[in-house]
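The analysis underlying the following values was restricted to heavy atoms, covering all of them including side chains, and did not include hydrogens, waters or symmetry mates. Each chain gets a letter, A, B and so on, in the order the sequences are listed, and its residues count up from 1.
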Amino acid sequence: MVEIRLTNTRTRQKERFEPIDPGNIRVYACGPTVYDRAHLGNARPVVVFDVLFRLLRHVYGADAVTYVRNFTDVDDKINARAAETGRDIREITEETIAWYHDDMDALGALRPTQEPRATDYIPQMLAMIEDLIAKGFAYAAEGHVLFEVRRFPEYGRLSGRSLDDMIAGARVEVAPFKRDPMDFVLWKPSDADQPGWDSPWGRGRPGWHIECSAMSAELLGPVFDIHAGGIDLQFPHHENEIAQSRCAHGSEVMAKYWLHNEMLQVEGKKMSKSLGNFFTVRDLLDQGIPGEVIRFVLLMTHYRKPMDWTAEKVREAEATLRKWRGLTADIEPAASPAPAVVAALADDLNTAGAIAALHDLARAGDAAGLQASADLLGLLTDDLGDWTADGPDLTALSARMTKLRAEAKASKDFSAVDAMKQKLTDAGVEIRMSATGVELLPGSGFDAAKLERI
RNA sequence: GGUGGGUUGGCGGAGAGGUUACGCACCGGAUUGCAAAUCCGUGAAGACCGGUUCGAUUCCGGUACCCACCUCCA
């Protein structure tokens with residue numbers, strides 16, 4: 001059995017992964033709030049934890065892993081989007097979920113085992129809130145229900161903060177009905193225009209964090225193996241999830257291992273909606289950057305380090321993938337991935353190390369091993385291969401070139417061949433001449449329009 | 001102010017207390033009519049100051065700078 005090691009944010013250490021039940025490994029990842037296209041920053045955890053999913057399936061068996069990633073489809077950002085566009089909330093969330101699936105599929109991410117929607121779990125949320133009140137961890141006030149953080153001594157442990165420090169640095173206005181400034185909302189009242197559900201505290205809607213606690217408990221149980229998400233969710237989202245779940249279930253931990261990916265940056269700054277420096281996955285796909293290339297770039301950097309998105313990385317990734325796809329075309333994959341690749345991934349998802357190991361395989365000419373190993377990273381798969389496969393038909397041009405070259409060899413005048421070569425190069429066509437003939441391949445800067453004029 | 005993370009060769013980016021990371025670029029060679037592609041090869045690093053050690057880029061402490069979280073965000 002391959003030993004998997006993961007950096008556990010909960011203990012701040014790299015630890016050996018020991019499943020609670022090797023026959024049923026349970027992973028929860030926080031999914032998107034569905035009101036807009038996913039930006040590239042949203043894609044990083046999806047791709048990174050997709051590799052985790054693939055690794056766990058490889059080591060423990062495909063049927064032994066349950067991966068849950070939610071859709072938060074009730075949120076004030078969605079309400080705001082509905083108000084400003086005049087559209088129906090359900091229409092917005094349905095559309096956004098379809099977009100999300102399209103875009104993440106394009107990046108080669110496997111669909112999780114389950115993708116629950118928050119609005120399908122309102123009864124479970126209400127039950128959990130009532131339970132928290134009954135156990136003395138939450139209180140109702142003015143149509144709200146709040147979690148009382150002072151009742152949970154370990155509040156702040158995941159993110160390494162103390163309540164007093166947080167209050168000292170707090171910049172938000174505190175609602176008057178809170179017993180403590182850090183108390184957070186489990187349930188809040190809705191007006192007539194807002195989505196709402198009947199509850200013991202009147203018509204209302206859930207706060208931000210309770211959906212993940214309710215859905216993970218319902219689908220994975222009160223204690224599960226891995227909880228994953230972006231580092232920006234560590235506080236307050238994950239801290240609050242832990243408080244709710246542990247107090248409701250009386251458990252020692254919510255998840256045994258907590259994994260957090262670092263942020264994506266653009267020009268040294270976090271890509272975020274509030275900074276306005278974000279672009280969506282769809283933007284990149286529309287620019288003609290293949291999903292497989294985006295995926296490769298995301299995997300070039302270890303998930304626990306900030307990564308910068310640059311055009312140079314796109315170029316490198318594309319060139320490497322073209323080379324590897326050429327090498328593995330029509331090759332039967334090896335029976336199992338190379339041990340070096342598995343070992344790299346098992347060492348805290350070292351995708352950069354795994355890619356280095358793939359380079360080793362390519363250099364050694366082990367196409368079968370490369371194909372089988374790349375699959376573990378979700379690369380060189382059939383699903384993602386269209387961008388190299390549907391190349392234009394260049395046979396007429398190569399025939400013309402072959403003829404010109406033969407004539408040139410006889411006449412010793414190569415000017416006509418060189419002129420054509422230059423045009424092809426300008427159009428981004430890669431030219432491979434051998435003794436026997438001419439092979440033309442669309443290269444990284446391929447431009448079909450320029451080809452027309454040759 | 002509090003908390004967490006980072007600083008590696010021209011660029012990207014890993015691991016390991018002592019032995020070549022790897023990729024891109026560069027340079028040299030093979031190949032080519034010349035190139036491209038391909039193959040082979042060379043060179044190049046560890047922010048700064050201390051400490052531990054026979055030996056540290058790798059461990060410990062400090063300094064500087066950068067980033068993130070503390071407010072919706074992955």
Side-chain angles (χ1 to χ4, degrees), chain A residues 7 9 12 29-33 35-36 38-49 69 75-77 80 156 158-162 164-173 182 208 228-237 239 260-265 268-275 278 296-297 299-308 310 312-313 315-317 319-320 322-323 326-327 340 343-344 347-348 350-360 362-363 365 405 408-409 411-415 417-418 421-422 424-425 429-435 438-441 443:
Chain A
T7 299
T9 317
R12 304 189 184 288
C30 291
T33 300
Y35 65 102
D36 206 353
H39 70 238
L40 187 61
N42 299 117
R44 191 175 187 194
V46 171
V47 169
V48 163
F49 299 126
R69 186 180 63 212
D75 184 277
D76 286 350
K77 288 192 292 292
L158 178 74
S159 49
R161 301 152 201 259
S162 79
D164 295 325
D165 288 344
M166 284 190 280
I167 290 162
R171 284 178 260 160
V172 279
E173 241 180 88
M182 296 310 292
W208 173 29
I231 188 72
D232 57 334
L233 292 182
Q234 186 184 32
F235 187 89
H237 186 55
E239 200 73 71
H260 290 101
N261 64 279
E262 255 292 349
M263 298 291 99
L264 189 83
Q265 304 189 339
K269 290 284 180 193
K270 182 176 77 155
M271 172 184 274
S272 77
K273 291 184 176 167
S274 52
L275 288 174
F278 71 98
F296 192 100
V297 171
L299 295 177
M300 279 168 73
T301 304
H302 186 94
Y303 77 97
R304 297 191 69 248
K305 286 201 170 184
M307 87 151 261
D308 226 336
T310 64
E312 175 60 19
K313 283 181 183 170
R315 191 197 63 75
E316 265 191 46
T320 302
R322 274 190 196 282
K323 191 165 127 185
L327 212 58
D347 181 13
D348 200 23
N350 185 357
T351 51
I355 288 171
L358 293 180
H359 278 295
D360 288 342
R363 192 158 15 83
R405 186 157 165 261
K409 276 187 179 174
S411 67
K412 299 294 174 200
D413 176 8
F414 288 91
S415 58
V417 183
D418 287 342
K421 198 169 76 184
Q422 187 58 50
L424 287 167
T425 304
V429 177
E430 190 181 304
I431 305 154
R432 297 184 188 177
M433 283 190 243
S434 64
V438 177
E439 193 183 357
L440 299 180
L441 298 164

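- Here A:N42 lies in heavy-atom contact (under 4.0 Å) with a base.
- Set against B:rA74, B:rC67, B:rG33, the side chain of A:F414 has B:rG33 as its closest nucleotide.
- Scored by the ring pair (Phe, Tyr, Trp, His ring centres under 6.0 Å) test, A:F235 finds no partners at all (sequence neighbours excluded).
- Annotation: B:rC40 and B:rU31 have their P atoms spaced 16 Å apart (nearest Å).
- Within 4.0 Å of A:R44, counting heavy atoms only, lies no atom of the nucleic acid at all.
- With rounding to the nearest 0.5 angstrom, the CD atom of A:E239 is 7.5 Å from the CZ atom of A:R161.
- Among B:rG33, B:rA74, B:rC72, the nucleotide with an atom closest to any side-chain atom of A:L264 is B:rA74.
- Within 4.0 Å (heavy atoms only), A:G229 reaches sugar-phosphate atoms of the nucleic acid but no base atom.
- Counting atom types as modelled, A:D418 pairs a side-chain N or O with a base atom of B:rG33 as donor and acceptor under 3.5 Å.
- Rounded to a whole angstrom, the distance from the P atom of B:rU42 to that of B:rA21 is 12 Å.
- Remark: RNA chain B takes part in the stems B:1-7 with B:64-70, B:10-12 with B:22-24, B:27-30 with B:38-41, B:47-51 with B:59-63, each of 3 or more antiparallel Watson-Crick or G-U pairs, criterion distances under 3.5 Å.
- We find that A:E316 and A:K313 are not joined by a salt bridge, their nearest charged nitrogen and carboxylate oxygen being 4.0 Å or further apart.
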I'd like to compare against my own output: the B/S/- annotation of nucleotides 16-30 of chain B with a strict under-4.0 Å heavy-atom distance to protein. -----BSBS------

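- Within 4.0 Å of A:H260, counting heavy atoms only, lies no atom of the nucleic acid at all.
- Side-chain atoms of A:K421 come within donor-acceptor range of the base of B:rC34, with a qualifying N/O pair under 3.5 Å.
- Residue contacts for A:V46: at a heavy-atom cut-off of 4.0 Å it reaches no nucleic acid atom on any strand shown.
- Checking B:rA36, B:rA14, B:rC73 against the side-chain heavy atoms of A:D232 singles out B:rC73 as nearest.
- Residue-level contact check: A:M300 touches the backbone only, with heavy atoms under 4.0 Å from sugar-phosphate atoms and none from bases.
- Distance CG (A:D36) to P (B:rC72): 18 Å, rounded to an integer number of Å.
- Distances shown here put a side-chain N or O of A:K305 below 4.0 Å from the OP1 or OP2 atom of B:rU7.
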